[in-house]
Each structure stands twice: as C-alpha cells, then as structure tokens.
Amino acid sequence: MAGKSAKKPATRSCWINEVMRVAITRALPEALRTAERVRAFGAEAVIAPLLTIVPCGFDTSTAGAQAIIFTSSNGVRSFPDAHGARARPVFAVGDATAAAAREAGFLKVHSANGDVRALAALVKDSLRPAGGKLIHIAGDHVAGDLGGELTAAGFDYERRLAFASVAAATLPEALSPPLDAILFHSARAAETFVSLGAPQSAELTAACLSDAVAEAARKTAWKTVIVAPAPREDALLAALLQG
C-alpha cells in the first residue's frame, strides 16, 4: 500500500523466516541464558538441549593448592562452598565462567577470555610451578589438553571429575522444523546431533563456537557453517545474527 514502508526482517533477509529461529543445544541452565541473548538480537530462541549435566561425587579439598581452575560454569556450580576454597585464586577459561565463579563467592578470579590454550598461557604467566598444585574442576569432556600443557611447564596438575555430560538418546522435539540455525557450544553437542541423524541439516546454518566444534559439525552437510571469530558466546552470536 502506498505511503507505508515495508516491514523489515529482524535479521538477515535470506533466512527462511522473517525472524530467525535459532536452536540452542547446550545444557540447562546455560541454555536459558543463551536464549536471553539470542532474543536480545531480535531472533527467536528455541531451547533444545542435547546434553544433560549430571553431578559426580569428587574430592573437594583444596589443601596445598595454589589455585583452582574452571573450564566451564558447570564446574563452578558443581563445586560446594568448601571451607577456605573461596579465598584461593581461580583461573577461568572465559568471562562467563569467571562471572559464575564471582557469583559463587570466589574472591580472586582471573579470566583467560578465550580457550584452553589461552587459559594455559594465563596460568603459566601468572603462577610458578613451585607454588603448589593446580586443581582443575572439570567434566568428563574437556576441549584441548590443558593438563598436558601445564604438566609440560612443570606444574603439579590434578583434574577432578565433578560432572558428566550425558548425550541425548533421541532428538528433542524442539529441533523439528521450521528452524534457521543451530548453535553448537561444544563438539560433543555437535557430535550428538550428527549421531542422531542431523535432520534437515542441509537446509540449516550451524553456528559453532570454535574450529573444533565446527569440525565435529561438518560430519554432516549444512547450508552454511559459521565459526565464531573468538571462542566466546558474544562473538558467536554476533557472527550469526549480525554478520
């Protein structure tokens, strides 16, 4: 109709829907936080976890440790309010994990703002091997070889299994069409999607947090594969929703 401007899509005009529908495959509760960020970009968030976090019993003593290492917010949440632990320095892989550590009451938190390699570099630059052991509170799947890098640098490194990530046995109903893109924060989530048949993947965009995640996703065909320019969620969402 004359005099009226055309309604503009909230995202790129090439997407199937006027508002992009983005599936979030990471485990709860992180998926809920990611959904808020997706909506802030004007896209529709579809929560479809492919992994479930299951806590494990583990040794929570930090006696003799010079620092605690967290490579995920799941590790932070799995760590109890152990006496004296909150005063020990914490080294976190990224800002989200660092924020979770601060919220949990840790007083000295350092963020590598990157991946496991950046975390190893930060630890080596900040600490001395003679200062005491490093306790890594981790899950059953950790990207990279943090332990190998720190051990090679002379550190006494100890990894403690605090949780397991259990892959879905069937695809969540939320992954049914129509969708435009699927977010993969981990190689394990991408591997799970592929192993469950990767329905409609040739018509979808895979948005991957890192090259390692993209490598796992590329075991099936996609319309497009987008890799975050830095291994951070803000970079991932900007690459998908602003690119």
Side-chain angles (χ1 to χ4, degrees), residues 26-27 29-30 33 51 53-165 185-188 209-213 215-216 227-236:
R26 69 188 315 196
E30 283 88 352
R33 297 186 181 91
L51 303 173
I53 302 303
V54 179
C56 302
F58 66 101
D59 178 9
T60 61
S61 172
T62 60
Q66 65 170 318
I68 302 171
I69 296 174
F70 292 113
T71 44
S72 74
S73 53
N74 288 315
V76 176
R77 278 192 295 274
S78 68
F79 195 85
D81 189 10
H83 177 69
R86 294 304 190 266
R88 296 194 186 280
V90 162
F91 288 81
V93 68
D95 290 346
T97 302
R102 294 187 185 99
E103 290 172 7
F106 288 97
L107 303 176
K108 303 172 184 176
V109 180
H110 309 273
S111 172
N113 192 27
D115 55 12
V116 165
R117 183 170 296 178
L119 177 58
L122 177 63
V123 170
K124 287 186 285 188
D125 288 344
S126 305
L127 303 176
R128 296 178 299 105
K133 67 181 175 181
L134 304 174
I135 296 177
H136 180 192
I137 307 299
D140 53 344
H141 291 81
V142 178
D145 186 14
L146 179 63
E149 289 201 41
L150 294 178
T151 300
F155 286 93
D156 180 4
Y157 166 89
E158 180 181 341
R159 177 179 168 185
R160 296 183 185 173
L161 181 63
F163 64 91
S165 54
H185 286 70
S186 68
R188 184 156 167 75
L209 189 65
S210 67
D211 288 330
V213 176
E215 182 179 353
V227 182
R232 304 190 312 271
E233 185 173 80
D234 60 341
L236 173 64

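The chain is numbered in sequence order, starting from 1.
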Could you walk me through whether H136 and Y157 satisfy the side-chain contact (heavy atoms from CB on, under 4.5 Å) test, starting with their C-alpha distance in whole Å, then the side-chain angles of each, then the deciding distance to 0.1 Å, before giving a yes or no?
CA-CA 7 Å; H136 180 192; Y157 166 89; 2.7 Å; yes
Within the supplied structure, the quantity of interest is the number of heavy atoms (other residues, nucleotides, ligands) at a distance under 6.0 Å from E149 CD; does it exceed 12?
yes
Flag, side chain of R188 to backbone of S165, donor-acceptor distance under 3.5 Å
yes
Specify the closest pair of heavy atoms between G139 and V142, including all atoms of both residues, with the distance to one decimal.
O-CG2, 3.8 Å
Approximate separation, where rounding is to 0.5 Å, of S61 OG and I135 CD1:
6.5 Å
Straight-line distance of D140 CG to R159 CZ, nearest 0.5 Å
7.5 Å
Under a 3.5 Å distance rule, please check whether R88 uses its side chain to pair with a backbone N or O of A65 as donor and acceptor.
yes
What is the minimum heavy-atom distance between F79 and T60, and which atoms define it?
CZ-O, 3.7 Å
Could you tell me whether a side-chain N or O of S72 sits under 3.5 Å from a main-chain N or O of G75, the two making a donor and an acceptor?
yes
How far apart are the closest heavy atoms of V90 and A101, and which atoms are they?
CG1-CB, 4.2 Å
R26 and R33, any side-chain heavy atoms less than 4.5 Å apart
no
V227 side chain near L209 side chain, heavy-atom distance below 4.5 Å:
no
Hey, can you pull the donor-acceptor pairs under 3.5 Å for the side chains in residues 120-128, sequence neighbours left out?
unit_1: S126; atom_1: OG; unit_2: L122; atom_2: O; d: 2.8

Does any non-hydrogen side-chain atom of S78 lie less than 4.5 Å from one of I137?
yes
Test the R86-F106 pair against the cation-pi criterion, namely NZ or CZ under 6.0 angstrom from the six-membered ring centroid and within 45° of the ring axis.
yes
For residues 97-123, which residue pairs pass the side-chain hydrogen bond (donor to acceptor under 3.5 Å, both in side chains) check, not counting sequence neighbours?
D95-S111
Looking only at non-hydrogen atoms, find the nearest pair between L119 and A92 and report the distance.
CD1-O, 3.6 Å
Test side-chain contact (heavy atoms from CB on, under 4.5 Å) applied to L134 and L150, step by step
CA-CA 9 Å; L134 304 174; L150 294 178; 3.8 Å; yes
My understanding is that only residues two or more places apart in sequence, or in another chain, count here; which of them pass side-chain hydrogen bond (donor to acceptor under 3.5 Å, both in side chains) with R77?
E30, N74
Nearest heavy-atom approach of V116 to V93 is N-CG2, 3.9 Å
Restricting to non-hydrogen atoms, name the atom on A216 and the atom on A187 that form the minimum distance, rounded to 0.1 Å.
CB-O, 3.7 Å
